[in-house]
Participant: 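I have a structure here, written as structure tokens, and I will follow up with some questions on it.
For the numbers below, each heavy atom of this structure counts, side chains included, while hydrogens, waters and symmetry mates do not. All residue numbers in this chain count up from 1 along the given sequence.
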Amino acid sequence: TGDAARLLQVVKLRAFSPFTSAEHALENMSAVSEGLCSEFLAAFLVANLPTSDAKKGKSKGGSACAVALGVAEPKLGAAIQDALLQSGRSAVAVESNERVLELLRGARQHFEKMIGQLSPSELGMAQRGLAHSYSRSKVKFNIHKADNMIIQAIALLDQLDKDVNTFAMRAREWYSWHFPELARIVPDNLLYARCVAAVRDRNAILDEALGGEAVVREKLAAVLEGLEDGAGRVDEIVTAAKTSMGTDVSVVDMINIERFASKVAQLSAYRAQLQKYLTRKMDVVAPNLRALIGDAVAARLISHAGSLTNLAKYPASTVQILGAEKALFRALKTKGKTPKYGLLFNSSFIGRAKLKNKGRISRYLANKCSIASRVDCFGEYTASEGADGSAGVGVADAFGRKLREQVEDRLAFYDTGAAPRKNLDMMKEAVREAEQAMGVTAAHTSATTPKRKTTADDNGDNGDNGDDHSGAPVDTELPSPHTPSSKKARKSATTDGTSSSAAIVEKTTKTSKSPKTPKTPKTPKTPKTELKPKKLKPDIIGGSE
């Protein structure tokens, strides 16, 4: 295929149809990448593909040549066959092998020579533009549900936790040469760094001419203001500074220590700000999963799965051991016990459960996490993000709250034996609350509400199971022949004598067979009553002996 002249001796261009616009080209390319046959491609093949029974000349052996369609992707070939059959054309043999790939490579390489009206520069420009458009369409996502931001935020939080702890230990070790007693009085890393920036040189407290002690007390009181024993700690720090056993440091060294302590305090403050940002993003992207297991655990599950969509596609058994892959494969290799939990171990539910129930509650919690992630990913109950980065007013986390109540009930059941509520009742309450919450901000919920209710009613969730359906649009005018409510309606129609059409009469006659009166003898269950005298026979025999 390196020589165009040799290729043109073997391959001949029969038909060519350009795309009408850049959007048209992107649409067809996306369909081909997904293994789908677009209408444009199907119409082009139907118009230009010869029939298999047409005489296309004869080969060297004298036999007629059959029509075969060469396709690079076998999946696309199956879609083309289906499209041709739907258009009323007979099936065409599709080939996908090395010979076809070589022919297509040669056609792409010498495409401008086969067309004759397109220069190589223009062809390269068109290919680059289409490639850029296709790449942008693949990475395009909804900015209000960007789970990638959650993945980056939780990764940065974990890194900040490690770095802040390392820097705080370095600040403690560095400043302890000058004031070692401060580390015992203020154990918190953030408060310690702020106290270092406030105290600086401890010898300045003894300088009464500059009012050193009063100034230091004022700064320390501002730093330790939120603590209950803040005033007592200030007195303790000042007293320890006057009698400290630390060494003196130079002014340059103290400046560097103060700068480093200020950076540690800034990193700690930024870590708290990043935590609030993650909470707001979780409210928008996965509110139900957040309400179930919290911000950190939910974000780590999404990060480990790669995206919220991947997490929603995982079964509950995979979610349960997500994060414990090494332990799982080690157990399979050594034929040991497999792990019971992975990232879910960080949830408070696992810690509250007893040792014998940790595996059971982990399996139950993974099941609820799978449901919550699917509601967040594929449901329409979440609201968009506000302009200030906060979640919308109608964020519906009703499913997450109800699922959390179910896990709480399961824990109580393992501890006290109290029977938990039914899953069907809890989900109905969640749907009702979610639709009410979304009705505050979304105007189109009035149109979607009947669809949700009718799908629940079609599954047999009618008013016969004791649930309150007041105000819900239940299909009572045309009851299904398989639901209990329709049978009751037909029975009442037969007793009242209100049915007049022949069709209803036939149905009532059929339903009259349903009671099946021969079943009445089964109610006494005489075999069970006859068992009692049989037990007395050995006693009678024993007494006679």
Participant: Can you sort out the partners of H178 under ring pair (Phe, Tyr, Trp, His ring centres under 6.0 Å), two or more places apart, ordered by chain and number?
Facilitator: Y175

Participant: Taking ring pair (Phe, Tyr, Trp, His ring centres under 6.0 Å) as the test, write out the residues that go with F40, two or more places apart.
Facilitator: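 Applying ring pair (Phe, Tyr, Trp, His ring centres under 6.0 Å) to F40 gives F19, H24.
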
Participant: For D248, is there an ion pair with R202 - N to carboxylate O distance below 4.0 angstrom?
Facilitator: yes

Participant: Give a yes or no on whether the backbone of K340 and the side-chain of Q320 come within a donor-acceptor separation of less than 3.5 Å.
Facilitator: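 At least one qualifying donor-acceptor pair exists.
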
Participant: Just to verify, what does E98 make a side-chain hydrogen bond (donor to acceptor under 3.5 Å, both in side chains) with, not counting sequence neighbours?
Facilitator: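 By the side-chain hydrogen bond (donor to acceptor under 3.5 Å, both in side chains) rule, E98 matches no residue at all.
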
Participant: I'd like to know if the side chain of Y341 pairs up with that of S347 as donor and acceptor (distance under 3.5 Å, no hydrogens or angles considered).
Facilitator: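 Looking only at side-chain atoms, S347 and Y341 do not form any donor-acceptor pair under 3.5 Å.
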
Participant: Using a cut-off of 6.0 Å, state whether more than 12 heavy atoms not belonging to Y314 lie near its atom OH.
Facilitator: yes

Participant: Could you tell me whether the side chains of T166 and R170 share a donor-acceptor contact shorter than 3.5 Å?
Facilitator: no

Participant: Determine whether a donor-acceptor pair (N or O, by modelled atom type, separation under 3.5 Å) exists between the side chain of T334 and the backbone of R330.
Facilitator: yes

Participant: Going by an N to O cut-off under 4.0 Å, is there a salt bridge joining E102 and R105?
Facilitator: yes

Participant: Say whether, by atom type as modelled, one donor and one acceptor occur between the side chain of S33 and the main chain of S30 under 3.5 angstrom.
Facilitator: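 Present.
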
Participant: Examine distances only and state if a side-chain atom of S370 and a backbone atom of A366 form a donor-acceptor pair shorter than 3.5 Å.
Facilitator: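 No, the answer is negative, given that no donor and acceptor are paired below the 3.5 Å cut-off.
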
Participant: May I ask you to decide whether R421 forms a salt bridge with D409, counting only side-chain N to carboxylate O separations under 4.0 Å?
Facilitator: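 Salt bridge: yes.
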
Participant: Less than 4.0 angstrom from a charged side-chain N to a carboxylate O is my criterion; do R300 and D158 meet it?
Facilitator: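 Counted as a salt bridge, because a side-chain N and a carboxylate O are separated by less than 4.0 Å.
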
Participant: Less than 4.0 Å between a side-chain N and a carboxylate O, is that true for K281 and D147?
Facilitator: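 Salt bridge absent between D147 and K281.
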
Participant: Hey, could you give me the CG/OG distance between N28 and S38, rounded to the nearest 0.5 Å?
Facilitator: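 That separation rounds to 4.0 Å.
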
Participant: Any salt bridge between E429 and R401, counting N to O under 4.0 Å?
Facilitator: no

Participant: Would you say the side-chain atoms of D376 pair up with the backbone N or O of L289, donor to acceptor, closer than 3.5 Å?
Facilitator: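 Indeed, once roles are kept as given, a pair shorter than 3.5 Å links the two residues.
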
